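Throughout, residue positions are numbered sequentially from 1 according to the sequence presented. Please read these numbers as outputs of a predicted model, since none were measured by experiment.
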Amino acid sequence: MECSRTIDQMVIPVFYDVSLYDVHHQGGMFGEAFKDLAQRISKNDKSSEGSNILGFVVDSRNESEDIRKVVDHVTDLLDRTDLFVPGHPVGLESRVQDVIQLLNRQQSKDTLLLGIWGMGGIGKTTIAKATYNKIRHDFEAKSFLNVREVWEQDNGEVYLQRRLLSDIYKTAKVNIDTVESGKIILHERLCQKKIFLMLDNVNKLDQLNALCGSRKWFGQGSIIIITTRNFDLLSKVKVDYVYRMNEMNWNESLELFSWHAFRQSIPIEGFTDLSTDVVKYCGGLPLALKVIGYLLCGRNKQGWKSVLEKLKLIPNNEVLGLLRISFDDLCDDMKEMFLDIAFFCIGMDQEDVTKILKDWGHHVDTGISVLVQQSLVTVDPMNKIGMHNMLQEMGRGIIRGKPTGVANERIYDVFLSFRGDDCRAKLISHLYTSLQNAGIYVFRDDNEIQRGDKISLSLLEAIRKSRISIVVLSSNYANSKWCLQELENIMEASRSGGLVVVPVFYEVDPSEVRHLTGKFGEAFENFISRISVDKDRKMDWETALLEIGGTAGIVIINSRNESEDIKKIVESVTKLLDKTDLFVADHPVGVESRSQDVIQLLNSHRSKDSLLIGMWGMGGIGKTTIAKAAYNKIRHDFEAKSFLLNVREVWEQDNGKVSLQQRLLSDIYKTTKINIDTVESGKVILQESLQQRRIFLVLDDVNKVDQLNALCGSRKWFGQGSVIIITRDYDLLHRLKVDYVYIMKEMDDNESLDELFSWHAFKQPIPVEGFADLSRDVVKYSGGLPLALQVIGSFLLTRRRKKEWKSVLGKLILIPNDEVLEKLRISFDGLRDDDMKEIFLDIAFFFIGMDQEDVITILDDCGHYADIGISVLVQQSLITVDRKNKIGMHDLLRDMGREIVRKKSTEGGKEPSRLWHYEDVKYVLSKDTRTLDVKGLTLKMSRTDSTTRLETKLFQKMDKLKLLQLAGIQLNGDYKYLSKDLRWLCWHGFPLKYTPAEFHQECIVAVDLKYSNLERVWKKSQFLKELKFLNLSHSHNLRQTPDFSNLPNLEKLILKDCPSLSSVSPTIGHLKKILLINLKDCTGLCEIPRSIYKLESVKTLIVSGCKKICKLEEDIEQMTSLTTLVADNTAITRVPFAVVRSKSIGYLSLCGFKGFARIVFPSIIQSWMSPTNGILSFVQTFAGTSSLEFSEEQTDSFYGLPCIFEDLQNLQRLWLICESEVQLHQTLTSILDNLHTKSCEELEAMQNTPQSANFVTSASTRRYSQVQISSSQNSLTSLLIQMGMNCHVTNTLRENILQKMPPNGSGFLPGDNYPDWLAFNDSSSSVTFEVPQVDERSLKTIMCVIYSSSPDDITSEGLKVLLVINYKKNIIQLYKRDGLSASSDEEEWQKVVSNIEPGDIVRVIVVFENKFVVKKTTVYLIYDEPIAEKTNHHLESDKNVTLSSSDGNIFGRLLFRLPPIVRAVLISRPFWFCLAVIMVWWSRFHSNKRTSLRKWHPRALKDAAIQYIKGRNYFG
């Protein structure tokens, strides 16, 4: 009862066979017993207290039911009992709320995982308990487990599983025998409930696997909180959030310490200074503050001083014991590295520390990362190494109790141990020379030890500094004390790790060495008998001999070929040392330059994270060869390396998956002792083993995601600075998010002909006389593909007659070489489904060179999923899409496609599904069958040949024909026999004057009748609902266009070079879906029908070369989608005002003006106002200005895209809308390539331009695009870019960021503040995120904060370009530095922000100069306030911009910000004519004042107008 009164312990009385009344009044048998006790002892009467407490009376015939009630009551009380939290929870509430806020952020119903991470003693468990107490009632079941301590006890793993299940189901009846059975039981039982699980003090991945194997173990809405010192564990289980525990601030520390030292919240009088010293010593660590506070409580000042002095020398054992847990978990090298940092490296730059520790022999690349993850060291935003004071004291304390030792630097490859009298002259001298010749650095005692050295110490050091020891065991080896001591040290070094022992049994049997028999045993016994040696030393020697005798080695007994034996030894050692280069090629033509390109990519990576590079290209192009060459060149720069050849091939073999993992581990650790049973266990082993080293790994010929998951699951598997190169599939590279993709290019003609082919065909670098032309034909056929050049060259090597060469070439055109075909077919066979294979074959036969969008349209209508199909084919390197959006394919891949169709038909005994060869067409059409299962037919005859004639009736059999391509063919007969299912008709040189009425074209999608004899398209108009593409170019006899009202879905109309066409049907106005109209070089065309201007869907209009067209109507302004207008080389002499007013036109070629609209329009306006036109000229020249801003949408593949790359360096802003994901990736790659081609000098020149001075803006400046720069003395630059409009939330966040940016701030940026703003960050130059849905709010502003570092001599901010890529909408937005600085167009920024919607996948990329390294990029999405809150705030103006006087584009900006009607007035001739008349009148009115005349001189007026405009604050 005392405990109940003092510590609130609950008491539950159970009245067993006694009544409540008897206990309360000490009556009955209970009272008699109590009186008897009272007579024997003198005690206060407390028994009645128990009777006053509500309890249980057990007086029942069903005792088990009574017991159950007691247990249930206790269980209920325990569930209501909070976990103990310290009595003085200073700073606890705010931290708990932070954790709960993270938990509440989760919107999905999936199980949430949260990690609480920090160093020992920082309060992780306390925060976890307090959080548990606050929210545990919101869950159906809960459990709090102290994991680490219990796990290490006997059967602790199973106990924890039982405890967890007991907590959840309130029962102890659960039986768990093993950890694995426990996992199954937990999985089945936990998923039924919404659970709150707290796993405290976790330090091993196995613990998490045993207690919370996956999220699926738990019911919806469950929460798991893990506290740990090891950040890497949290990364491996992919927690949703990590709450990092930080030290207490000064005020919190002082308050906590005071509560424990003085029992009050502040120090008592006279102890403030001493308390300050203690708080400073503890460094905000709660554990230290509590322990030392208790230690000092009640002591006088002298006692305090004495304790503090002692603590500085010897830290408190309680604190030290808790802190040392993380240290004890480290491997030996990590421990040494921690101690070195604790003693010497605090406050130094991380890169400097890395160099120092490398010189001291540490594996630094992974070491510092592990120490950070274990919360033992820190790396601040300035890249400085830090460590808590208490940890530093702990490290020094460890050193004080540790003996010194010799540094283990591996400077020798081989230590050679031998008995000189037996084998020095014969075996050893030859072996030594052979090893040296193989590039192996060998130590032997009579060659390396300097005079005056103590030989025993020198040998000991040499052994420890060697990687391999070759021990030559000869008959008298054991008869030497020297040799036995050497062997003893060698085997000790082997056991302790690091030294590999290779025994050579020279004229002795291994069993003689093991059992000390034969001549070897006699020598040992003779030696022992000669000297006095104690039993322990003798036993040590015998143990060493037994051990080495049982080690696999090389046996040389009665050898007749000693040189062969030496060769085996050298090969064995070389394999262990990995000194052998991979074979590249007999004739490595072009390999050097390409491998250097790859290495240059490696060297350009400045981050210390693992680097992933993909090598992408079609089969046979040389990816493996280049990867081998790069591997040979730089593998020595890494601690470990592996080249896994033919991953795809090995993967498909029996147990191939595990064998690849085993091979990788064997390559890295040079051992086969590590056993891998399954792929999943292999992943765990690899993840744990690889991250300790800096590794160079090449995965060759990868074609499945599972292969990458099994061999390099993530970057975190590998140590810092590791490099992984992967070859073949672009889609895999994209999924893996590689840092760079090296695109393999075909060999050029010089490489192909002059070297590679000639070496294989003639064994010399040039063709032999008389074979040059034939060689060029072979090279042209091979298309620069190295595999084809080698195979065909080798095939032709033995053939020396030209006739044979011609025969081989003729055959190859029809039937490709099997060896080449087999290699190329790998990618085809790897396609996921038959639909993609069919798309590939259709392209190979029909669509090479066509526009991608047209092909997609046709194939979609044929029942294919062409958009995704073409994307996959590009990723698999089976087709290409160039900058003009044209589909391409290597000639050999095209031939492979044709061969696949041919072989399939031959094997199936049917006609080919696609026909392309004239002889095959004749044969198939002549077959006596009812129907032919032919999907497509292409038959193109040379123009030089006479016209080939075929009967239309033969086509009656091909009723499933969908694709028909003819050239130089004439069909005779009734066209009704042609397939009614035809979707694509391409007939160049169509011979008729019109298309016959009986030709059924109801299903046709695309018609291409270039070079036709048509006078009109159809004899009788047909309603063609499906037709989307019509191309009648070069039809010189065409006199009239069709009735377009019968073509409601037409999207592209191309009538180039139709000189007889005099008019276009007014029915063109009915084409509501038309995108492109091309009337180029229609020289007979006099005008464009006015109805064409009503087409709001048209994006591209081309009338160039139409010499009789003399004007464009002002109605062109109604074409609201028009982005490209090409009307050069016409009779048009004046650009219509409507063109300049248009907000959609992005590219213009008209009246000598050519280029992007924002570049060209100011020049057009200037031309209207030039003196030759009688208009006053006061507009500065804008064309060609490098600082000009540009923002444009451009989707047309015919004209827009090539010009973008030509003029990219002149643009400041660019907006691109791509038609597909493939085009998006290709365009983005091209833009980045274009940006990276600038030389360093050019970049430096850009930095020194006058605009640079205007780039830095003050904190008070407000504009739509803001850039804030802050630099610290150590060359860390922070950059803030704001895109969007200001609001209350924007201002709050910006001020918060600026306060925390270096050099004055801490560098730690604000996190999420839902729903006002959300933060996304990455430790690289790009951030990818999915835009979330924020209820009742819309996106207002985007902010981007970049931390970058550079050499000290660079003073600029280094930013070149900001890219915003919307993958969902296929949009690329590009802003150069000056474009960002000067952007202030309200409509533009509204468009940028409003274009980003919830669900969009957005990537922000910043491109810096080569000398800059981006450390971190953070993107904030800022949302406006709800309508209810907006009324409570006075928002800043959306527009408040300062104009730089050096901005040369001021007039153009002002003009385009004016309303259209005002613009129309200002640019009209009458306006300027009237203005000129007024000016002349005014000047004459003041003719007596020459000063006034000079004042209104046109030049002076020009200057005045410019100054006036500049003085106005219209734009930035």
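Residues satisfying the side chain to side chain contact (heavy atoms under 4.5 Å, CB included) test with S214, not counting sequence neighbours, are K216, W217. Remark: F1329 pairs with F1320 by the ring-ring contact (aromatic ring centres under 6.0 Å, His included) rule, at least two apart or across chains. Taking the side chain to side chain contact (heavy atoms under 4.5 Å, CB included) definition, one finds that T678 meets it with E680, S681, sequence neighbours left out. The side-chain hydrogen bond (donor to acceptor under 3.5 Å, both in side chains) check on N383 picks up nothing, with sequence neighbours excluded. Applying the side-chain hydrogen bond (donor to acceptor under 3.5 Å, both in side chains) rule to S871 yields the partners Q875; only residues at least two apart in sequence or on another chain are considered. In this structure Q707 satisfies the side-chain hydrogen bond (donor to acceptor under 3.5 Å, both in side chains) test together with N703, sequence neighbours excluded. Residues satisfying the salt bridge (Lys or Arg N to Asp or Glu O under 4.0 Å) criterion with D700, sequence neighbours excluded, are absent altogether. Here R215 pairs with D240 under the salt bridge (Lys or Arg N to Asp or Glu O under 4.0 Å) rule; sequence neighbours left out. For W651, there are no ring-ring contact (aromatic ring centres under 6.0 Å, His included) partners at least two apart in sequence or on another chain. The side-chain hydrogen bond (donor to acceptor under 3.5 Å, both in side chains) test applied to K633 returns E592, not counting sequence neighbours. Residues passing the side chain to side chain contact (heavy atoms under 4.5 Å, CB included) test with R594 are I626, Y742, M747, E751, sequence neighbours excluded. Qualifying side chain to side chain contact (heavy atoms under 4.5 Å, CB included) partners for T1328, counting only residues two or more places apart in sequence or in other chains: I1401, R1403.
Shown here is Q653, whose CD atom has more than 12 heavy atoms of other residues, nucleotides or ligands within 6.0 Å.
With hydrogens and angles disregarded, a donor-acceptor distance shorter than 3.5 Å links the side chain of Q661 to the backbone of V679.
Figure legend: R694 and F638 shown as a cation-pi pair, the cationic atom lying under 6.0 angstrom from the six-membered ring centre and within 45 degrees of its axis.
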